[in-house]
Amino acid sequence: MSDTRKPYPFDAIEAKWQAFWEANSTFAIPNPGEPGFNPARPKYYVLDMFPYPSGAGLHVGHPEGYTATDIVARYKRALGFNVLHPMGWDAFGLPAEQYAIKTGQHPAITTRENVARFKTQLKKIGFAYDWSREINTTDPGYYKWTQWIFLQIYNAWFDPETRRARPIAELPAESAASADSHRLAYVSEAPVNWCPGLGTVLANEEVIDGKSEVGGFPVVRRPMRQWKLRITAYADRLIEELDGLDWPESIKTLQRNWIGRSEGAEVAFKVAGKEESITVFTTRPDTLFGVTYVVLAPENPLVDLLAAERENVEAYRGRVASKSDLERTDLAKEKSGVFTGAYAVNPVNGDRIPIWVADYVLMGYGAGAIMAVPAHDERDYEFAGKFGLEIRQVVRGPGPDAAECFSGEGVAINSPLIDGLPTAEAKTKITAWLEEHGFGKKTVNYKLRDWLFSRQRYWGEPFPVAWRGERHEALPETELPLTPPELEDFKPTGSGEPPLAKAKEWLRYDEGALRETNTMPQWAGSCWYYLRFCDPQNAKRPAGEEAERYWMGAENGKPGGVDLYIGGTEHAVLHLLYARFWHKVLFDLGHVSKPEPFQKLVNQGIILGEDGQKMSKARGNVVNPDDVIAQYGADSFRLYEMFMGPLEQMKPWSITGVEGVSRFLARVWRLVMEENQEGAWVRSAAVSEAAPGKALLKAAHASIKKVTEDIEALSFNTAIAQMMIFVNALTNAPERPAACLRILLQLLNPFAPHLTEELWAVLGFEGLCADAKWPVCNEDYLVEDEVELVVQVNGKVRERMIVKKDASNAEVENLALETPKVREHLGGKTVRKVIVVPGKLVNIVAG
RNA sequence: GCCGAUGUGGCGAAAUGGCAGACGCAACGGACUUAAAAUCCGUUUUCGCGAAAGCGGAGUGCGGGUUCGAGUCCCGCCAUCGGCACCA
């Protein structure tokens, strides 16, 4: 193909227009107050999840979402919106650092090279980004504000009364002494996910099946002193405020499940013969009369205080501790545990029940202890079966005679205080009883944990914090950005001490204080980048107030600011939850104007290889956008990515599909151009200035209608199909009215911007095609005087007939009954009913 | 195990409860050409009858239901993919 003549000169055209857009800053958009800003226009903020500029370069998955947003951006622009459509780089992160360790090259250098490569690749696809707003999370001018936001979080506490973050200075006097334990950023010494392979700790979210998400190295639990962010304080708001967002329901569900809110009660079980009592969390306080034992998590400190069978218990704890997380989940099928020798007293009936230790109870959830009700909980049932513990039924299910273990809702039995009550009422009543007698209270628990925010890495934002002995203090804002030290050796130390500790000079803050040596996780930079795009050069704030209010504003009281956000499902919980959390803190503190960052979210589907498998180097089925563009051009590439199928669906790549859309674009080209004697492309003689005929006008306006509706619905594949129909109609027409070609070029422009801009110029239309006002459908051209109706007999199509558009139902019915086919099929049957759907069909029911 | 998504020709797919398969790919046939490529035109869900125009039947993962009418709505299954997974 490379040697043969190209079906149209896309290489020359594409380079030409890309250079033009760059030279003229065609897609730059000024901020409110800046020259050229038009306040009369509404705003539209359309955003891609910005990429991590990896060494592998762009793959065909990236441009799928990017093309979708680009089409919307260009379309909204043509409709007269001020469109914010930026791009940047999420450039801190592990791969650059791993690569640096391997090659000895500084991550800043590889990052710069990778960014340059990505940018070149993106520019070759012809995206209408405002490149003057480009940002990079590793740029000190950027991470200065990442650090600044951290300080806002550090200097805030969560007021449970108002459910809002407030400045730490407003902490009530009685709490002021323990201010550090109220901050939204705090230090905790707790078991964390330590990954020796990566030499860093990881967030729960970054650990998959006991292995690191990046690299797949084993992860072990180990206590370390770490920074955490109090995201759990926002758990309820993070759930509730999902309601106002235009997100896929499945993503909302994912987030709700991740937060895992569950209502229940805390119940105190006194330890027999001791002062201590064991607090458990249960969602089924109505089953309290069925409790036959209590279980503590192996890590629960109470175990030390009450274990009578010390030897057995210690041996068991040792076995559990030596298991990695992976083993502990793997071996989950078989329950294990040991009796402590101690007994607890059931507050509702005074029964003495044994206290066990078992690793099916997790220290990190609830109180690290449970009340076991084997008759009504699968796990307790299994455990009781294995160790011969008592099983006592206290709920009768709705069915006939329930199995031995029934965990559903029913009616309380064998429970003096609540006998005969349905589960919901039984819960309420027993909880009230517990509160009254001081044995417990209503509580809410969450699966969500506070966000482990520190990493033992070099290539991340340093914390703007210093340690004066055991006390941490925030650096003053004037010292931001705090840049990392230049290091020759950024390898992990292996001990868990961060690489920054090797920079002895940098480390020393002043005579009495050392700098924090941890760095922030990669999520930090992406938690607020959408704000920076609003005002990327601002030196005084993350984003200027006016710019933030304008771009992040929303109509009709909607909560979110970005009007359309497109990216992959892999960020369904992590990035999207973290960003929402930061945004809410900033909102509470008055730094942003809306409570949610992203009003509408859409996930693009994964593109599979030609073989229907996931693309991977190992399978050798990776498609490189550069190759496709070199062979077919950027317009074909863009168009194919959108023509493959619905945006949100997973779909396989097909090179013959690219050829198909490429042929379509060449047909568009030849509508306007033809080859002369010398083989040069010149304007076609078939292009006419005459008024278009009825059929073409109809095709044109039907296309305006369909393409407009489809872009609004992000249904790009069907929009393209409609344009193909339009082009087929023009191809078959004896002459091609310029008025119709003009409409075609405008509709196609967001999809294939280079080709359409070139043909626009050839046809001599004013200005840029991209600047032309989006066409409006005139419905008058769509109406026909006559319509074809389908005539069915008993639901089967038997005849078609042409009737006047405004024929009455009665007329249509009579006409249908008289057609020969219908008579034939009716035979001697009686017509029982006739349904007429105007303009569509007639169904005659006979029998 | 739980939650969610998907299932339509040889393939990617399309169808406010109203003609299933638009549009594209592939395949086949034709035109143009010395020839090929490119381009243009046509056929293409499937089965039966027919030389043909045509006529008739079946058909949207499987089984039921609602409806004049179901790919679409309801109930019950199956398969594939994604997420969570001892969360008390």
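So you know, we letter chains A, B, ... as the sequences are listed, proteins then strands, and number each from 1. Both backbone and side-chain heavy atoms feed into the values below; hydrogens, waters and symmetry mates do not.
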When you check the gap from the basic side-chain N to the acidic O, do R670(A) and E675(A) get nearer than 4.0 Å? no
To the nearest Å, how far apart are N257(A) CG and C2(B) P? 14 Å
Taking only Lys NZ, Arg NE, NH1 and NH2, and the carboxylate oxygens of Asp or Glu, determine whether K335(A) and D380(A) approach each other closer than 4.0 Å. no
Any salt bridge between K651(A) and E64(A), counting N to O under 4.0 Å? yes
Quick check on RNA chain B: between M371(A) and L254(A), whose nearest nucleotide comes earlier from the 5' end? L254(A)
What's the base orientation of G9(B): syn (chi within 90° of 0) or anti? syn
For G660(A), answer base if it contacts any base atom (sugar-phosphate contacts may also be present), sugar-phosphate if it contacts only those atoms, and nothing otherwise; contact means non-hydrogen atoms under 4.0 Å. sugar-phosphate
So that I can tick it off, tell me whether R823(A) and E799(A) are bridged by a salt bridge, with the cut-off set at under 4.0 angstrom between side-chain N and carboxylate O. no
Check every strand shown and say whether P248(A) touches a base, only sugar-phosphate, or nothing at a heavy-atom separation below 4.0 Å. nothing
Is it true that K427(A) and E263(A) have a side-chain N and a carboxylate O under 4.0 angstrom from each other? no
Starting at atom CD of Q792(A), determine the distance to atom C1' of A70(B), rounded to an integer number of angstrom. 12 Å
Touch class at under 4.0 angstrom, heavy-atom based, for V845(A) against every strand present: sugar-phosphate
In terms of side-chain heavy atoms of R663(A), which of C25(B), G12(B), C84(B) is nearest? C25(B)
Scan H376(A) against the nucleic acid and name what it touches under 4.0 Å (heavy atoms): base, sugar-phosphate only, or nothing. nothing
Atom-pair distance (OH on Y381(A); C1' on A88(B)), nearest Å: 18 Å
So, does K651(A) get its side chain near the phosphate of G12(B), meaning an N or O under 4.0 Å from OP1 or OP2? no
Using a heavy-atom cut-off of under 4.0 Å over every strand shown, decide if I370(A) touches base, sugar-phosphate, or nothing. base
Quick one: is the NZ or CZ of R663(A) closer than 6.0 Å to the six-membered ring centre of W669(A), and within 45° of its axis? no
Tell me whether D611(A) is salt-bridged to R619(A), with the criterion being a basic N under 4.0 Å from an acidic carboxylate O. no
Return yes if the base of C86(B) and the side-chain atoms of K335(A) contain a donor-acceptor N/O pair under 3.5 Å, otherwise no. yes
For K821(A), which contact category applies under a 4.0 Å heavy-atom criterion: base, sugar-phosphate, or nothing? sugar-phosphate
I want to confirm an ordering. Mapping R798(A) and S250(A) to their closest nucleotides on RNA chain B, which one lands closer to the 5' end? S250(A)
Just checking S262(A): base, sugar-phosphate only, or nothing, at a heavy-atom cut-off of under 4.0 Å? sugar-phosphate
In whole angstrom, give the distance that lies between atom CG of L448(A) and atom P of C84(B). 14 Å
Less than 4.0 Å between a side-chain N and a carboxylate O, is that true for R317(A) and E299(A)? no
Could you check whether the side chain of R832(A) and the base of C68(B) have a donor-acceptor pair of N or O atoms closer than 3.5 Å, going by distance alone? no
RNA chain B-proximal residues of residues 718-730 of chain A, any heavy atom under 4.0 Å: T718(A), A721(A), M724(A), I725(A), N728(A)
Whole angstrom value for the distance that separates P of C84(B) from CZ of R261(A): 22 Å
Under 4.0 Å, heavy atoms only, any strand: does N732(A) hit a base, just the sugar-phosphate, or nothing? sugar-phosphate
Please pick, from G83(B), C23(B), G56(B), the nucleotide with the shortest atom-to-atom distance to any side-chain atom of F643(A). C23(B)
Checking all strands, does S654(A) fall into the base, sugar-phosphate, or nothing category for heavy-atom contacts under 4.0 angstrom? nothing
Name the nucleic acid region contacted by D380(A), choosing base, sugar-phosphate or nothing; use a 4.0 angstrom heavy-atom cut-off, strictly under. nothing
Is K796(A) close enough to A58(B) that one of its side-chain N or O atoms is under 4.0 Å from OP1 or OP2 there? yes
Choosing from G56(B), A88(B), C19(B), which nucleotide comes nearest the side chain of H825(A)? G56(B)
